[in-house]
Structures are given as structure tokens and as C-alpha cells.
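Only this structure's heavy atoms are used, side chains among them; waters, hydrogens and symmetry mates stay out. Proteins get letters first, then strands, A, B, ... in listed order; numbering begins at 1 in each. Given the structure is predicted, the values throughout are model-derived calculations rather than measurements.
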Amino acid sequence: MARARAPADARRRDAARARDDAAPAGLDDAAVPRLRPGGRGASGGGDHRPALVPRRHRRRARRETAGGRRRPPRAGHRGLRARRRAGRVAHKQRGQPLLLRAPRLPHRARGGDAAGRPARLGYGQAAVSTRPPKRYPDRDEIAAVRAEAEPLEDGAEAAESRRLAGRVMARRDMGKLVFLDLVDRSGRIQLLCPAARTGEVDVHLGDVVGVTGKPAKSRRGEPSLVVDELELLSRIRSPLPDTFHGLTDVEQRYRRRYLDLMMNEETRADFILRSRMVKAIRDYLDGDGFVEVETPALQADYGGAFARPFATHSNELDQDIYLRIAGGELYLKRLIVGGLEKVYEIGRVFRNEGVSYKHNPEFTMLEWYEAYADYNDTMERFETLVETVALEVLGTTKVTYRGQDIDLKRPWRRLKLVDALEEHGVWSEDEADLRAILESRGINTTEDRTWSQLVDHALTNYVEPKLVEPTFLHDYPVRLSPFARTTDGDEQIVERFEGFVGGTELCNAFSELNDAVEQEARFRMQAEEGAGGNVEAEPGDEDYVEALSYGMAPTGGLGFGIDRLAMVLAGKESIRDVILFPAQRPKS
RNA sequence: GGGCCGGUAGCUCAGCUGGUAGAGCAGGGGACUUUUAAUCCCAAGGUCGCAGGUUCGAGCCCUGCCCGGCCCA
């Protein structure tokens, strides 16, 4: 199949048509904002394309395929084997560390030719004439300067100078006039560089530069900065990913998050949102008199959840120790015994288990304990916290999560666990009964050794997915909850609740058991659960019982998954989209 | 752990029934003072994830493995 060279006149026609196509569309596009509104993109989850208009792209793509424009055969065809060999050499060089590769310029490369033009250079190897500055003080935010330029007349220029710094993300070179798009954390603005003022604009896509100039509007009405002085602050040495499509390969987005953040504004917005969320949580708790504390992440024993731990070894103690698999529950309650009254901890928790859209081996938990409060107070505090935080970071309580529109506004629905199970016809106090019910619905219960596990299984299968609107599921069977106080009316039920949004569990809380004697009895009950085959059973803790024996105020306590709330607020379906560096296998 | 899908140039993607790997963007050289995915000309760029196998011939078919995604457990 020989490739024919397209007739020259046909190619010229193509080129002319391309120009005609581009011109009117360009006018339309001038009105398209470069920035998405802060927060979530209108396109919804999963789409990481920049907010640009693909119309022209499509048109051009169509022309390309229909026109059948092909690369003409090379004049000096080197032959396949020679090219393969050349490729292999190039690959080897690419494989070397940048530091070794970059300085190896051919001698000519530094000099350039007699006319002063730089010689042929490899990627990012263009000579940098001076050592770049170590600081760039007194810069303004791009968003602020953009706002300043916005009200100007087309073609007008403001009187006062501004300083901006950021990364160059687009270049449109007219020869004596160069347009650059400069991006910082606050936004994007067009730079207008007249050669008369700035000299030759030796700037590549991806370079970090600092500029001084005056806010202005281009003739076409684009808010800009007319540059008087441009300084290169950092030269890019590796090529930027596709500036239109960004970096879309999910694996690459996680492995090289810096590129994801650089190219995808939505990613930047998501992680700034997470940071503001955590700050809003702290502000709320601090403002209500809580004390932030830290408790051990290295523990001689692990508990508080059913999970495999990461094990390590203390040389000093000559003893195996574990990274915690849950928040510092029993430590924090010791602090209540000690009189700190209101404490919280935001900390990393580790589970030696698999990765999924809602699991990462390390994640972040918040636990708080509040003396003189019960689980009703805690419910109120949690719904207030979530509402407050949502308003603070999103400006609204309405979110879209997993394709569902949800309002986080308080008060949340309260639903008794038993009622919820009965509603779905999966409730019985008798183990054999419950097992039969579940089996009759096709659920495999062979892994469930105890009644508690059957209840849990029924919950996850039938109740939780239905809890889309924010809901507190409350009043759990005592056997599921070794640290919660029983209700006044029924000794078999404890004052415990879990909060759900969009079918996802956000938190777990109780009126804390504060009686040493009863706590001891509960530990014995758990030992029976364990003997019955429930690996989730809580191991006893004599020291904790001793702490309680000094008397603990009645206390409401709660633990919740920070990452999960970040997912809800950012509208992300995968926990990996709210963790900057999610767990990845090393790519050998 | 099982099933399905994917891995081709730095990035985004084509690649037909097995027959010499090809586009756009980025990068190099050149033209251009109002562009905005600027445009135009020229040249360059490949370990087709890895290892085997089948075949005259494999990016494409087969086997195993690695990495990722989705679904299930």
C-alpha cells in the first residue's frame, strides 16, 4: 500500500480551508472563559478535560481524515533497521536521569551560529543566558489582575504596573508580538509581549516565569497583561502533556500527580477544597472549645475495627508493634477521664488491605469526644458540622454525589436500625431465623459466624445503599457495640448511630460507656463473640478499664472518615481523587 | 481471588481480514504586531507493557507475566 503524496495544490486548498474555518470560530471562542467556576466542574465527575470548546477541534479532525492528507515519503529514507537502532539509542538516553542528561550539550549548542541564532537544540536545552533569580517578591494574584483588566475598554491599558508569576500554559507567536497564557493557583490570564518592549520571548510551554506589566484588554477584548519585563524563573526540561486534553490516563494521574495538578484545573480545585474542608472542620471544633490532641499511631495491640494491621518491630522494646487500624478511641477517652472535657484528633489510620474506589491503605479519621453529652447531642453536632463545612467550602449544602442530588442541610433523618431492617423484612432476634431469611434471598451467609455478623450483612446489603438522603441510623444491638451505653428502655439496645450520605457511611458514634464494671463485662461478652468465630470481636483492655475506674463523665464520642466527606463535597466517586498520592504498586 | 476492558511517539489517540507503524498537540528550524486549541512551511521523533509461541511474515492470533481501570466476592 504505497502512500501517495497529496498534490501540492490540494494541500494548499486544505490549508486555506483550515484558515477559513478557524477565523469565525475564533471570534466565538473569545467569549469562552478560560477558567471554570471554582469547585466542581459543570461536566460532572470523571471528565478531566479542560473547559475548552472542542467544536473546532472536531471540525479539523474531520477534515484531516476526510482529506486523506498523508505524510509524503521521506527523501533520505534511512531504512527500517537503521531507524530502529537510532530509536534504541534515543531510548537509552531518555532512560538516564535528567541531571546526567541535561548538561550534556554539544559544544555548538551553547554558541549558536554567526547570526546569533541558537543552534539546533534538544528538548529544553535552549541556552539560559543568566542564572534565574532565587525569589520573585511582591507578586499579585492573576485572578486579581484579571479582574482589574476586565472593565477596561478593548485595546486600553491601565496606568499602574503589576507583577505576576506562574507557569506558561499556551503560546501564540505572531513574530513581533507574542501571546502567552500564564497560570497561577488563582487563575489564568493572557500575557501580551510586544518584542519592542520585552525583546525576544525565549519562553517554552511549561516554563515558570515572572512578569511586570500593565493590565490591559486586547483588541479582541481578552483581559491581559501587557508585559514590560519578562524573567525566566524555571526552564521546563521535559515536555508538557497535551495542553488541550490534559493528562487523562488515570494511572499517570496518580503516579505523577504533579502533572495532573499542573494540567487539570479540576484536580487543583478538588485538593484545595479538601484542604479548606479540613480547616473548616478544625475551625468549627476549635470554636466550640475542643482541644486538638495526638495519640499513638504505633501500638502494641491493635483494635477498634476489623482489619489487618501493618506490623513492624520496635528494636528498643524488642517487640512487634502495629500501626493503628482505627482512631485513638481508647486513648481519647482516657483524656476525658483526665479532664480535657472536649478533645479531637485528626489522624492517619492504616489498614493492610486492598485498594478500591473507597479504600486506601492509609486514610484520615477524625474522632471527637465531648464530656456531658450523649448521642443525641452528638448527632446534632455532626449534622451541624457537615452543614457548616459545606457552606464554608461550597457556599451551599446541595451536592451531587454518585449521580444523586443530595442536600446536607440539617436536620438529618433519624431512623431506628430495627425499623430499617424490618422495613426490608430482614430482621430477627434469632440467629437461625435471620440466617434462613437471608439465605432465602440468595445471600451466602457461610462467612457469618454469629448473629451480629448476620445483622451487619443484612445492613450492608439492604439498608445502607438506600440511605441516600443524609440519615442517622441509630439504636444498635448491644452485641455489635462494646463501647456504647444501653438505652433506657431496652438493655439489648445501645445508644449508637451511624451517619450515611449517598449510601456511604460517614460516621459512627455512641453515648460512651463510662462504667468500669460494665465495660469489663462487655469485654467478656466480646471474648465470647470471638470464641464464636467473630474475628471482629474487640480484644479486652485492662488498662482502659482501670482508667474508667477513676470515673469518666458521661460522654458522646464520634469517629468519621475525612476522605469520605471530601468525596461527597467534591462529588468524586473514588477515594483516589481526594488523596494526593493514592497507593500504587511500584512500576518496576 | 474471579470476570471484563485497557497499555502504540513526551501527551491525546488511529492502526481494516496478519503484509514496510501515523495523526494532532508538545519539542527543533523558519515566516508572521491582536492571537486565544492562532496559522503556514520544513525536518525530526517508536522496546507497539514484558517474555515466549504460531506464521514466509505479528501492533494485530495463542500462552504466561507486569501495570492500571471497572464489576463481582
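- For the pair A:Arg257 and A:Phe581, the cation-pi test (distance below 6.0 Å, angle within 45°) is failed.
- B:U12 and B:A23 make up a base pair, with Watson-Crick or G-U wobble contacts both under 3.5 Å.
- Taking 4.0 angstrom as the limit, A:Arg253 places none of its side-chain polar atoms (N or O) nearer than this to OP1 or OP2 of B:G69.
- Side-chain N/O atoms of A:Asp242 and base N/O atoms of B:G24 include a donor-acceptor pair closer than 3.5 Å.
- Distance alone, capped at 3.5 Å, is enough to place a donor-acceptor pair between the A:Arg171 side chain and the A:Val203 backbone.
- With the nearest nucleotide of RNA chain B identified for both A:Val203 and A:Gln190, A:Val203 has the one nearer the 5' end.
- When side chains are defined from C-beta on, A:His424 does not count as touching A:Leu421, because their heavy atoms never get closer than 4.5 Å.
- Nearest to the side-chain atoms of A:Asp249 among the listed nucleotides B:C70, B:U12, B:U34 stands B:U12.
- Considering only side-chain atoms of A:Tyr357, the nucleotide from B:A38, B:U34, B:C71 that sits closest is B:C71.
- When distances are taken from the side chain of A:Phe179 to each of B:U34, B:U33, B:G68, the shortest belongs to B:U34.
- The closest side-chain donor-acceptor pair between A:Asn352 and A:Tyr322, if any, does not fall under 3.5 angstrom.
- Look at the P atom in both B:U8 and B:G49: the space between them is 6 Å, to the nearest Å.
- The side chain of A:Arg585 lies closest to B:C67 when the candidates are B:U33, B:C67, B:C25.
- Distance noted for atom C1' between B:U17 and B:U55: 15 Å (whole Å).
- No more than 12 heavy atoms of other residues, nucleotides or ligands shown are found within 6.0 angstrom of CZ on A:Arg348.
- Within the shown strands, nothing qualifies as a pairing partner of B:C48 under the Watson-Crick or G-U definition with both distances less than 3.5 Å.
- The gap from the C1' atom of B:G3 to that of B:G45 amounts to 39 Å, rounded to the nearest Å.
- Residue A:Arg172 has its side chain nearest to B:A38 when only B:C32, B:A38, B:G68 are considered.
- In this structure a side-chain-to-backbone donor-acceptor pair under 3.5 Å is missing from A:Ser186 to A:Asp184.
- Between A:Asn360 atom CG and B:G68 atom C1' the separation is 15 Å, expressed in whole Å.
- Distance noted for atom P between B:G29 and B:A44: 15 Å (whole Å).
- Nearest nucleotide to the side chain of A:Lys176, out of B:U33, B:U34, B:G69: B:U33.
- Nearer to the 5' terminus of RNA chain B, by closest-nucleotide assignment, is the contact made by A:Pro241 (compared with the other of A:Arg576 and A:Pro241).
- Closest approach to the A:Leu177 side chain among B:G27, B:U33, B:G68 is made by B:U33 (side chain taken as heavy atoms from C-beta onward).
- Spacing between B:C5 and B:G10 at atom C1', rounded to whole Å, works out to 25 Å.
- Of the nucleotides present, B:C67 is the one that pairs with B:G6 by Watson-Crick or G-U wobble criteria, both distances under 3.5 Å.
- Of the side-chain N and O atoms in A:His204, one or more sit less than 4.0 angstrom from OP1 or OP2 of B:G28.
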